[in-house]
Enquirer: 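The structure is given below, and queries will be raised subsequently.
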Amino acid sequence: MPRKKTAAAASSPVFAEKMTIAPAVEGPSNRWTFLTNHSHVLIVLKSNPDMVLRQVALHVGITERAVQRIVQDLEDEGFLKREKVGRKNHYEIITDQPLRHPLESHRTIGDLLSLITD
């Protein structure tokens, strides 16, 4: 259930910024999807490995902080490498890593990305 915004929260720039992030899917079909936000972040970063996380968040339809946590998860587990290039980051997806669930562990991250992006 959505939280009610208070007068203080409504005037807060942080609250207003979060409210401007629109979900990637509109309408009744946005209740659930077949892919997780982790896979959505990987898909976006595969298409543009130099994209700033704020833009990734806008594409995926989640907060920038959620994207930061996901990128950290992916990096900690060896699915993603982050390289500092000047003031920005470049993200490299490790495509030969197997998917994590036992039902799909015979496939790799590269297999998933090829299916979705090709």
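Since the model is a prediction, treat every value here as computed from it, not as a measurement.
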Enquirer: Quick one: pull up CG in Leu99 and CD1 in Ile109 and give me the separation to the nearest 0.5 Å.
Expert: 4.5 Å
Enquirer: Would you find more than 12 non-hydrogen atoms of other residues, nucleotides or ligands less than 6.0 Å from Arg100 atom CZ?
Expert: no
Enquirer: Within this structure, what is the CG-CG distance for the pair Asp50 and Asn89, rounded to the nearest 0.5 Å?
Expert: 9.5 Å
Enquirer: Between NE2 of His59 and CG of Leu45, what distance do you get to the nearest 0.5 Å?
Expert: 10.5 Å
Enquirer: Listed by chain and number, what are the salt bridge (Lys or Arg N to Asp or Glu O under 4.0 Å) partners of Glu92, not counting sequence neighbours?
Expert: none
Enquirer: Flag yes if more than 12 heavy atoms outside Lys84 fall under 6.0 Å of its NZ atom; otherwise flag no.
Expert: yes
Enquirer: Contact between Asp111 and Glu104 at the side-chain level, heavy atoms closer than 4.5 Å - yes or no?
Expert: no
Enquirer: Any side-chain heavy atom of Tyr91 sitting closer than 4.5 Å to one from Leu53?
Expert: yes
Enquirer: Do Ile93 and Leu113 have side chains that approach each other closer than 4.5 Å (heavy atoms only, starting at C-beta)?
Expert: yes
Enquirer: Could you check whether any side-chain heavy atom of Val44 comes within less than 4.5 Å of a side-chain heavy atom of Asn48, counting everything from C-beta outward?
Expert: no
Enquirer: Once you round to the nearest 0.5 Å, how far does OG of Ser105 lie from CD of Gln97?
Expert: 12.5 Å
Enquirer: Can you find a pair of side-chain heavy atoms, one from Leu112 and one from Ser39, that are under 4.5 Å apart?
Expert: yes
Enquirer: If we ignore hydrogens and angles and just use 3.5 Å, is the side chain of Asp73 paired with the main-chain N or O of Ile70 as donor and acceptor?
Expert: no
Enquirer: Would you check if Gln72 and Arg82 make a side-chain contact, meaning some heavy-atom pair closer than 4.5 Å?
Expert: yes
Enquirer: Give the minimum heavy-atom separation between Thr117 and Ile43, together with the two atoms involved.
Expert: CG2-CG2, 4.1 Å
Enquirer: What is the distance from atom CD of Gln68 to atom CZ of Arg54, rounded to the nearest 0.5 Å?
Expert: 10.0 Å
Enquirer: What distance separates Ile116 CD1 from Leu35 CG, expressed to the nearest 0.5 Å?
Expert: 5.0 Å
Enquirer: Output all residues satisfying side-chain contact (heavy atoms from CB on, under 4.5 Å) with His106, sequence neighbours left out; order by chain, then residue number.
Expert: none
Enquirer: In the structure I gave you, are the side-chain heavy atoms of Phe79 and Ile94 within less than 4.5 Å of one another anywhere?
Expert: no
